[in-house]
2 protein chains.
Amino acid sequence: MDSMTIMVRKQTAADQALRLDNQICFAVYSTAHAFNRVYKPLLDRLGLTYPQYLVMLALWERDDVPVKDLGERLFLDSGTLTPLLKRLEAAELIKRTRSTQDERVVLIALTQQGHALREKAKAVPQSILAASDCTVGELLAMKDEIVALRDRLNAVLGE
Amino acid sequence: MDSMTIMVRKQTAADQALRLDNQICFAVYSTAHAFNRVYKPLLDRLGLTYPQYLVMLALWERDDVPVKDLGERLFLDSGTLTPLLKRLEAAELIKRTRSTQDERVVLIALTQQGHALREKAKAVPQSILAASDCTVGELLAMKDEIVALRDRLNAVLGE
DNA sequence: TCACATTTAATTGTTCGCAATTGAATTCGC
DNA sequence: GCGAATTCAATTGCGAACAATTAAATGTGA
């Protein structure tokens, strides 16, 4: 009777854990898509997709960097970045050049248009803030928690 | 001089908002990918991708449902679900049948194998919990915050 | 020096994710 | 009832995302 009770409780816990509503990963997954959909109309005006916008954000902070550096900052590999960067180059926002020091390395630099786009992009975060209906403080606090979770997950992967 | 100061402050705020590290959306985006990578080896054993796993989670809760219902629960459209469901059908985890009441509707039902897979899946959430290095309470609290953010973003989209 | 390992991008193939369109079935307005 | 609008899934086309492989350049050890 006691062991029976324990079994029932165990099964219930496992069952609960499998519920969609209880899964933080689904919360994160579906929120990422929701962000993407909110960004879409804003980024359409800049001629960027969301991943392209992330690359531009990274380059506005520091440019003339190898593809690998970008990948480490954005947690993306060359299989994703190479075609994306070719599209940004076709849009004349960046230039891709082989390093003379090390011919394996492709350096990514902003063009004048790439730099200029930054001014238009400044309006974007404001719109997102409004859509989120949160204070800056709340968002920053949540961001820190989520980043901490991400870093713990990535730490497990690195083992 | 005063207006100068204000302008400088304004620019600084906009610049800060464009910084990658300050963007909650990037935190969510990169955490979703981190989850995906942690799930991968676990789901490989079940023969599922992460989005397929989400569909199975939804179906284990309630099956014999139209594609549209699944889409609403997972925030996905038929362009994503139709090919994914065809792959699950090819794997003999689900069956797709036209409703006799309304021939437009395709009903998704689990096969015996689909139901059976649930037992193997019960080990998954435990492994994720371990990888996250958080307590259940912490994760559930974060989940609620993230879901609240997602729902506010989706509310803006619905306008 | 020369074989061998490592590093770096690029490529290939599969699977999402979504906008836009299509086509069939159903419902609504008159 | 009947034509028009709506609903639903499927399709098409494009852009990620990543595993696995390839190829070239660089580094390392005997």
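For clarity, every value in this text was computed on a predicted model and none was experimentally measured.
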Exercise for the section: Would you indicate whether Q126(A), at its atom CD, is surrounded by more than 12 heavy atoms from other residues, nucleotides or ligands within a distance under 6.0 Å? Expected result: no
Handout entry: Side-chain donor/acceptor of E145(B) to backbone N/O of M142(A), under 3.5 Å
Key = no
Handout entry: Cationic N near anionic O, under 4.0 Å, D63(A) to K95(A)
Key = no
Completion exercise
note: L85(A), atom CG; dT11(C), atom P; distance rounded to Å ~ 12 Å
Practice task
Send over the distance from L74(A) CG to dG15(D) P, rounded to a whole Å.
Solution key: 19 Å
Handout entry: Side chain E89(B), main chain R96(B), donor-acceptor under 3.5 Å
Key = yes
Exercise for the section: Would you mind telling me which residue lines up with the more 5' stretch of DNA chain C, A34(A) or G79(A), judged by nearest nucleotide? Expected result: G79(A)
Practice task
Determine: side-chain N/O of K86(B) to OP1/OP2 of dT11(D), distance under 4.0 Å, yes or no.
Solution key: yes
Problem - S78(B) (side chain) and dA10(D) (base): donor-acceptor pair under 3.5 Å - result: yes
Exercise for the section: Quickly work out the R98(B) CZ to dG23(C) P distance and round it to whole Å. Expected result: 15 Å
Handout entry: Side-chain donor or acceptor of D77(A) paired with backbone N/O of T80(A) under 3.5 Å
Key = yes
Problem - Nearest-angstrom distance from the residue atom CG of D77(B) to C1' of dG13(D) - result: 14 Å
Exercise for the section: For K40(A) and dA19(C), give me the distance from atom NZ to atom C1', rounded to whole Å. Expected result: 7 Å
Pick out the pairs of N or O atoms, protein on one side and nucleotides 25-28 of chain C on the other, that lie under 3.5 Å.
residue, atom, partner, partner atom, Å
dT26(C), OP1, Q101(B), O, 3.4
dT26(C), OP1, E103(B), N, 3.2

Handout entry: Among dT11(C), dT8(C), dC18(D), the one nearest L76(A) by side-chain distance
Key = dC18(D)
Completion exercise
For residues 30-40 of chain B, the side-chain hydrogen bond (donor to acceptor under 3.5 Å, both in side chains) pairs (sequence neighbours left out) are Q23(A)-Y39(B), R150(A)-S30(B), K40(B)-D44(B)
Practice task
Report yes if at least one side-chain N or O of R96(A) is closer than 4.0 Å to OP1 or OP2 of dA10(C); otherwise report no.
Solution key: yes
Practice task
Tell me, with the steps shown, if M56(B) and L88(B) meet side chain to side chain contact (heavy atoms under 4.5 Å, CB included).
Solution key: CA-CA 9 Å; M56(B) 294 302 287; L88(B) 288 180; 4.2 Å; yes
Listed pairs, N/O of protein and of nucleotides 14-16 of chain C, under 3.5 Å:
residue, atom, partner, partner atom, Å
dC16(C), OP1, T49(B), OG1, 2.6
dC16(C), OP2, Q52(B), NE2, 3.4
dC16(C), OP2, R87(B), NE, 2.7
dC16(C), OP2, R87(B), NH2, 2.5

Handout entry: Backbone of G114(A) reached by a side-chain donor or acceptor of W60(A) within 3.5 Å
Key = yes
Exercise for the section: Find the distance L157(B):CG to dC18(C):C1' and express it as a whole number of Å. Expected result: 13 Å
Problem - T49(A) vs L43(A), side chain to side chain contact (heavy atoms under 4.5 Å, CB included): CA-CA, chis, key distance, verdict - result: CA-CA 6 Å; T49(A) 65; L43(A) 296 182; over 6 Å; no
Problem - Most 5' of K68(A) and N36(A) on DNA chain C, judged by nearest nucleotide - result: K68(A)
Problem - Nearest-angstrom distance from the residue atom CG of D44(A) to C1' of dA20(C) - result: 13 Å
Fill in the blank from the handout: Atom CD of E89(B) and atom C1' of dA10(D) are separated, to the nearest Å, by 14 Å
